[in-house]
**Student:** 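Would you mind keeping the following structure in view while I ask a few things?
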Amino acid sequence: MSDEKALDIAHHLVEGNGMWPTGRLCGVTLNTVLRFARKAGDHAQRFHDQMVRHVQPQQVQADEAWSYVGKKRQEL
């Protein structure tokens, strides 16, 4: 796959397009998009694991996640 095609697929996925629409818009098969997404995700995980080390947070704020979960539990 050309670099230009790979960047085109990545752009569509980052913009929130689904796998099928990305394939149609880029002129590739669904399997090509899935394979690219898997490789890109594996690369991102390796990069993250390599770069983020020795992080010792003093405070963690999980309020956004809780507000989503909490709202789902509220009765009307």
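Just so you know, these numbers use all the heavy atoms, side chains as well, and skip hydrogens, waters and symmetry mates.
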**Student:** To the nearest 0.5 Å, what is the distance between OG1 (Thr29) and CE (Met19)?
**Tutor:** 12.5 Å
**Student:** So do the side chains of Ile9 and Met1 get within less than 4.5 Å of each other, counting heavy atoms only?
**Tutor:** yes
**Student:** Any salt bridge linking Asp42 with Arg38? Criterion: basic side-chain nitrogen under 4.0 Å from a carboxylate oxygen.
**Tutor:** yes
**Student:** Thr22 and Gly18: which non-hydrogen atoms are nearest, and at how many Å?
**Tutor:** OG1-O, 2.7 Å
**Student:** Does the side-chain contact (heavy atoms from CB on, under 4.5 Å) test come out yes or no for Phe36 and Val28, once each step is laid out?
**Tutor:** CA-CA 11 Å; Phe36 174 84; Val28 298; over 6 Å; no
**Student:** Output the distance between atom NE2 (His43) and atom CD (Gln45), rounded to the nearest 0.5 Å.
**Tutor:** 12.0 Å
**Student:** Could you measure the distance from the CG atom of Leu34 to the NZ atom of Lys39? Nearest 0.5 Å is fine.
**Tutor:** 12.5 Å
**Student:** Hey, are the side chains of His12 and Asp8 touching, using non-hydrogen atoms and a 4.5 Å cut-off?
**Tutor:** yes
**Student:** Provide the closest heavy-atom pair for Asn17 versus Leu13 in the form atom of the first, atom of the second, distance.
**Tutor:** O-CD2, 3.8 Å
**Student:** First locate atom CG of Leu25, then atom CH2 of Trp20, and finally report the distance between them rounded to the nearest 0.5 Å.
**Tutor:** 13.5 Å
